[in-house]
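The residues of the chain are indexed from 1 along the displayed sequence.
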Amino acid sequence: MNIKNANRLFVIIGIIILVIIGRFVLMNNEVVEMPTVQVVTQTAVIPSYEGSYCWHSNGESTCVDKAAPHEIIEMGNEPFVKVAPGETIEFQYSQSPTSVSIQQWVQDFDYENIATTVRFTAPSEKGTYIISSLARL
């Protein structure tokens, strides 16, 4: 075996070792507990309800399908919480999400994205609003 082929072999072995180490590190940093969330304003904690989700941990996956936000409200058991127009509302997760999308439900299954951070500002016009959050860890 010449020196050029030996160098290639060492590079290939080095890459394989890096891939194995990288996978080991990723598995050790995997989030194993389902996160919790709390919705807060400057003055109150707003009740929140768990919706549909998919969760992957320790090589196993679980998906749960639940009612959409507007369907939960239509069931009529959830109290509405008054907040001041323009008040800051924050979704506080027990674990730091890698991405967040906040939606304001318009009608039935239609919604519009209103923020991509854990904080957003309540609408300035009075009304009843349904807000949801989608977070990835």
pair I46-V83: side-chain heavy atoms closer than 4.5 Å: yes

Tell me the closest heavy-atom pair linking V118 and P97, and the distance in Å. CG1-CG, 4.4 Å

Of all heavy-atom pairs between S52 and D65, which one has the smallest distance, and what is that distance? OG-OD1, 3.1 Å

Kindly indicate whether the side chain of T117, heavy atoms from C-beta on, has any atom under 4.5 Å from the side chain of I102. no

Walk me through it: do Y129 and I114 pass the test side chain to side chain contact (heavy atoms under 4.5 Å, CB included)? CA-CA 12 Å; Y129 297 91; I114 59 171; over 6 Å; no

Could you give the distance from CD1 (I130) to CD (E74), rounded to the nearest 0.5 Å? 7.5 Å

Do you know which two heavy atoms are closest between Q104 and P123, and how far apart they sit? OE1-CG, 3.9 Å

In this structure, CZ of F120 is separated from CG of N113 (nearest 0.5 Å) by 12.5 Å

Using a 4.5 Å cut-off on heavy atoms from C-beta on, say whether the side chain of T121 contacts that of E87. no

Heavy-atom check, side chain of V39 versus side chain of I89, under 4.5 Å: yes

Who are the side-chain hydrogen bond (donor to acceptor under 3.5 Å, both in side chains) partners of S132, not counting sequence neighbours? Q103, W105

Does any part of the side chain of F109, heavy atoms only, come nearer than 4.5 Å to the side chain of P69, both counted from C-beta? no

Check whether the side chains of Y93 and S133 place a donor and an acceptor atom closer than 3.5 Å, and report yes or no. yes

Could you check whether H70 and Y111 have their ring centres less than 6.0 Å apart? no

ILVMFWY cluster, W55 and L134 together (side-chain gap under 4.5 Å): no

